[in-house]
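Let me begin by presenting the structure, written as C-alpha cells, before commenting on it.
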Amino acid sequence: MGKLIVGNLKANILSSQEREIYISSFKKILAQKKMKDLKIVLCPPFVHLEYFAKNIKSQSVKIGAQNAFWEGSGSFTGEITPAMIKGVHGEFVIVGHSERRRYFHETDEIANAKMRLIFKSGLRPIYCIGESREERNNGETKQVITRQIQEGLKGLSPVNLEKIIFAYEPVWAVGTDVVPSSNDILEVKILIKKIIVEMYGIKEVEKIIILYGGSVKAKTVKQVCLDPKMHGVLVGRESLNPSEFLKIAEIISFNNHE
Ligand code: PGA
C-alpha cells in the first residue's frame, strides 16, 4: 500500500488571513513536489474545516477533524458531531489524542463511543495510543497499549478495524524533541499486531494501518520510518510549516520498498 501522512494543526491558524497564507503556500509547494503513492490528511481546527475542504481537498489531500463528540446531535452546547464534520466534507477524525486524554480527561471508553459514532457516520478514525514516560519507566507500556486497544475497539467489527488508522504516539515524544529509536517503535508495532491477532484473528492483522507520531521532523523522519513497512506518520508542530511538512511527506513517499 501507499504511505499516509497526517497533519494535526492543533489550536493554530488564528485568522482567515493566516489560513489563506497557509493554504496558498501549501498548494504552491505541493505542486512542485513529486511524490508517489502518498495520501495527505490535514486536520485543521473545526472553524476552518469547510474552507480547507473547499480549497485544498484533492485526490491526494483529504481533510480530517481533530476531535468529534460521541452523540449524534441534540442539546450539547459547544459540541461538534461526526455528522457535522461529514456535512462539510471531512473524512477523518483524530480520536484519543494524548492532549485530549490529558487536558480533557478523555478515557478509552469515551474514545470507543466516539469511534462507534464516527463509523456510523461514514468517517474514519485516526486512533492515537501511547504510554507516558512514567508508564514506560514502570514497565507498563504493554499494559497501557493493550488497555487502550481493547477498550477503544470494543464492539467494533473486522470491517471497522480495516478502516482504523492507528497512530502510535508515545506521550513522552509528543510536543517534545525526543524521538524514540526505530527499535522502540518496532517493538510497539509488534505489540499492537499481537493484540489485534488476539482480538480479531491472524487474517485481519495484515490489513491494519499503523502510523508513528510524536516529534516528527524532516530531520528525524528516517529514524521513525526506517521500517519500510511503516505506513506513515502523524505530524503535529511541523505541519504548521507547509515546506517542512511536505519535505517529510516527500521523504516517506519514497521510503516504500514493498
Ligand atoms: P508533535 O505532535 O509532532 O508536535 O510532537 C504530534 C501530535 O500531536 O500528534
Side-chain angles (χ1 to χ4, degrees), residues 2-15 18-33 35 37-68 80 85 88-100 118 123-128 130 164-169 173-177 179 209-222 224-225 230-255:
K3 300 281 177 180
L4 178 65
I5 180 168
V6 179
N8 174 10
L9 294 162
K10 306 196 181 187
N12 296 297
I13 306 187
L14 304 185
S15 63
E18 262 190 51
R19 177 174 74 190
E20 212 40 68
I21 293 168
Y22 183 88
I23 290 184
S24 63
S25 146
F26 192 99
K27 288 211 272 202
K28 202 168 131 208
I29 300 168
L30 182 63
Q32 295 158 358
K33 297 270 179 202
M35 293 191 258
D37 288 343
L38 179 88
K39 281 258 181 307
I40 299 171
V41 177
L42 280 179
C43 303
F46 285 132
V47 289
H48 301 312
L49 260 185
E50 184 167 19
Y51 195 87
F52 266 66
K54 285 201 174 128
N55 291 282
I56 208 166
K57 192 169 152 173
S58 66
Q59 194 56 25
S60 55
V61 182
K62 304 294 174 198
I63 305 300
Q66 297 170 20
N67 183 30
I80 304 288
I85 294 163
V88 295
H89 313 293
E91 293 172 69
F92 297 82
V93 183
I94 298 175
V95 179
H97 191 279
S98 57
E99 286 154 13
R100 298 219 53 95
I118 285 165
L123 303 174
R124 291 181 70 173
I126 300 166
Y127 185 40
C128 301
I164 299 174
I165 294 146
F166 291 92
Y168 171 52
E169 298 214 305
V174 174
T176 69
D177 279 325
V179 185
I209 298 169
I210 307 174
L211 309 182
Y212 167 77
S215 217
V216 177
K217 300 181 169 54
K219 273 197 308 236
T220 57
V221 67
K222 283 218 171 111
V224 299
C225 259
M230 202 77 203
H231 296 112
V233 287
L234 198 168
V235 182
R237 287 157 297 164
E238 294 292 290
S239 67
L240 278 171
N241 177 341
S243 157
E244 280 302 303
F245 181 69
L246 291 168
K247 209 183 271 174
I248 300 171
E250 195 172 31
I251 296 169
I252 64 165
S253 90
F254 287 103
N255 183 29

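These numbers come from a predicted model, not from an experiment.
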Any donor-acceptor pair under 3.5 Å from [X] side chain to [Y] backbone:
X	Y	value
S215	T176	yes
K10	L240	no
K3	M230	yes
H48	I13	yes
H231	I210	yes

Nearest heavy-atom neighbours spanning [X] and [Y]:
X	Y	result
V233	C225	CG1-SG, 3.8 Å
G232	I252	CA-CD1, 4.1 Å
L234	V216	O-CG2, 4.0 Å
Y51	R19	CD2-NE, 3.3 Å
K27	N55	NZ-O, 2.5 Å
H89	A53	CB-CB, 3.8 Å

Spacing of [X] atom [atom1] and [Y] atom [atom2] [to the nearest 0.5 Å]:
X	Y	atom1	atom2	result
I63	F52	CD1	CZ	7.0 Å
I248	S239	CD1	OG	8.5 Å
Y22	F245	OH	CZ	6.0 Å
L246	Q32	CG	CD	10.0 Å
L42	I56	CG	CD1	5.5 Å
K62	C43	NZ	SG	13.5 Å

Taking side chain as C-beta onward, heavy atoms only, is [X] less than 4.5 Å from [Y]?
X	Y	result
N67	I80	no
E99	V174	yes
P125	I164	yes
I118	Y127	no
P44	L49	yes
I209	R124	yes

> Given E250 and L38, is the side chain to side chain contact (heavy atoms under 4.5 Å, CB included) satisfied, shown in steps?
Replying inline: CA-CA 9 Å; E250 195 172 31; L38 179 88; over 6 Å; no
>> Is there a side chain to side chain contact (heavy atoms under 4.5 Å, CB included) between R237 and K217? Walk through the geometry before answering.
In response: CA-CA 9 Å; R237 287 157 297 164; K217 300 181 169 54; 4.2 Å; yes
> Between F92 and V6, does a side chain to side chain contact (heavy atoms under 4.5 Å, CB included) hold up when you go through it step by step?
Replying inline: CA-CA 10 Å; F92 297 82; V6 179; over 6 Å; no
> Is a salt bridge present between E244 and K247, judged by a nitrogen-to-oxygen distance below 4.0 Å?
Replying inline: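 Salt bridge present between E244 and K247.
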>> Pair R100, Q66 - check side chain to side chain contact (heavy atoms under 4.5 Å, CB included), show working.
In response: CA-CA 10 Å; R100 298 219 53 95; Q66 297 170 20; over 6 Å; no
> In terms of heavy-atom contacts, does NZ of K33 have more than 12 from other residues, nucleotides or ligands at under 6.0 Å?
Replying inline: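 Yes, the 6.0 Å shell around NZ holds more than 12 heavy atoms from other groups.
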